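Reviewing the structure listed below.
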Amino acid sequence: MKTLSDNLSVSSAGTLLFAGHDTLALAQKYGTPLYLMDEQRIRRNCRTYVNAFKNAFGDRGMPLYAGKAAAFKRIYQIVREEGLGIDVVSAGEIHTALQAGFPLENAYFHSNNKTDADIAYAMECGVGYFVVDNREELDAIDAAAQKAGIRQKLLLRLTPGIDPHTYEAISTGKVDSKFGTAIETGQAEQLVRYALGLRGIELTGFHCHVGSLVFGEDVYQRTADIMLAFIADMQAKYGYTAQQFDIGGGYGVRYTDDDPQLDIARKIAEVAAHMKAAAARLGITLPKILMEPGRSIVADAGLTLYTAGSVKRITGYKNYLSIDGGMTDNPRYALYGSRYTVYAAGRMNETPDLLCDVVGRCCESGDIIQPNVTLPAGVGRGDIIAVCTTGAYNYSMASNYNRLPRPPIVMLDGDRDYVAVRRESLADLTANDL
Ligand SMILES: *Cc1c(COP(=O)(O)O)cnc(C)c1O
């Protein structure tokens, strides 16, 4: 049987193997719902970026892991060992990275609304760079830095006016986006001029992020053209040389067999060649290039296991298969209709002939993991159900709705399996209740 990803395979007994481990045995050992992560796949994905950047830019480039895709201590340790920097978006992510021993001089602090407390905390922790969304925030950072007696290095987040043609909810590079300051309206230039006059900050360059799930051929090329032209323009007008250009994250991954398999190393080589040619044409030195992959580092390293409950066959209408998790551990279909591949992990050699919606246990009709899934007709209560490609934006978006404890994260590394995040207990759920 052909599986979605090459870390998935089927045993001779017809059970699903993930990273070489029997998923039924893991479900038995750790219980369900259960997040599994393939450590070697995370490392391989990291190396794809690190090596592609080394080949393209030497030491004038660095990938940053966008921790919002999956943030817990172990992942920061792995990413550190693999030589990536990080992008963080909250005091919570900064704290987690610190606890994991991550050197924060290679951390870039995002968010479209950093509070004064966030700013103070990030400076105190020694976060290397802030990525600034707008003028008010710039003022707040400048004031905090002057008070602390430092010059805070930062990048300005600009909107290049690119629509990457992905989902509306995850498109962030258009002029009217809630993120960043627009180039097209002249506000980006005003912000640069303004930033260059501030004493508490050092403007090190520019950032943009056009969206997520990018498969399009030339999205980053078009983005780079606009951003590098802006960088050249700032150099000509104000004598300002940008040291860094961060082009954001967003490469797509395979959620279903319909999605293409991107060759990210090749893509980066192409974008790099395009950037070098554009810089030469514009007569500027290419700044240090940063990129912030999140999803493409961890998504295909993740798999979630559930135990099936009832199969409800509504005669003449449709079928539902209920599982023991739901939008609490994977809200992505409920949020923006994300697609997933679902398997009955113990019935991999049976013909999938039952059309059903795989639904969660939460008190919401919208609590759907995936509609219109075909599973073997024998599937039912007690079967282990696997949802693939859940390494990104599942654990990090999980909630305790309906007071459901969050599942643990178990890492698979060669023959070894170990707990990286323990299962929440009922006691954890009331730990903050007074
Ligand atoms: C979400 C985000 C990323 C990561 O996007 P992926 O699609 O997970 O690669 C990177 N940079 C910024 C600013 C983001 O908001």
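Computed from heavy atoms alone, side chains included, the values below leave out hydrogens, waters and symmetry copies. Throughout, residue positions are numbered sequentially from 1 according to the sequence presented. For ligands, and for the atoms within them, numbers begin at 1 and follow the listed sequence. Given the structure is predicted, the values throughout are model-derived calculations rather than measurements.
- Every atom of ligand 1 is numbered from 1 in the order shown, and the set under 4.0 Å from a heavy atom of S212 is 5 (O), 6 (P), 7 (O).
- There is no side-chain donor-acceptor pair under 3.5 Å between D357 and Q370.
- In terms of polar-atom proximity, defined here as any N/O pair under 3.5 Å, R295 does make such a contact with ligand 1.
- Atoms of ligand 1 found under 4.0 Å from any heavy atom of Y393 (numbered from 1 in listed order, with element): 1 (C), 4 (C), 5 (O), 6 (P), 8 (O).
- Y340 and N394 share a donor-acceptor pair across their side chains, judged by distance under 3.5 Å alone.
- Within ligand 1, counting atoms from 1 as listed, the ones closer than 4.0 Å to a heavy atom of H110 are 13 (C).
- Those atoms of ligand 1 that come under 4.0 Å of a heavy atom in A66, given as number and element, are 3 (C), 4 (C), 10 (C).
- Counting atoms of ligand 1 from 1 in the listed order, those under 4.0 Å from a heavy atom of G250 are 5 (O), 6 (P), 7 (O), 9 (O).
- A donor-acceptor contact shorter than 3.5 Å is absent between the side chain of D367 and the backbone of S365.
- Side-chain contact of D246 with Y129: a donor-acceptor pair under 3.5 Å is absent, judged by distance alone.
- The side chain of D87, and not its backbone, has at least one atom closer than 4.0 Å to an atom of ligand 1 (non-hydrogen atoms only; side chain from C-beta on).
- Ligand 1 has a nitrogen or oxygen under 3.5 angstrom from a nitrogen or oxygen of K68.
- Taking a cut-off of under 4.0 Å to the non-hydrogen atoms of G294, the atoms of ligand 1 that pass are 4 (C), 6 (P), 8 (O), 9 (O).
- Taking the six-membered ring for Trp and the full ring otherwise, the centers of H207 and H110 sit less than 6.0 Å from each other.
- For ligand 1 and R157, the ligand atoms under 4.0 Å from any heavy atom of the residue are 13 (C).
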Using distance only, find each side-chain donor-acceptor pair of residues 95-108 under 3.5 Å and give its atom names and separation, not counting sequence neighbours.
| from | atom 1 | to | atom 2 | distance (Å) |
| --- | --- | --- | --- | --- |
| T96 | OG1 | G92 | O | 2.7 |
| Y108 | OH | Q244 | OE1 | 3.3 |
| Y108 | OH | Q244 | NE2 | 3.1 |

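- Numbered from 1 in the order shown, with element, the atoms of ligand 1 that lie under 4.0 Å from a heavy atom of H207 read 13 (C).
- Take E424 and apply the side-chain contact (heavy atoms from CB on, under 4.5 Å) test, not counting sequence neighbours, and it matches N400, P405, R406, D428, L429.
- Relative orientation of the F53 and Y49 rings is tilted, given thresholds of 30° and 60° on the angle between their planes.
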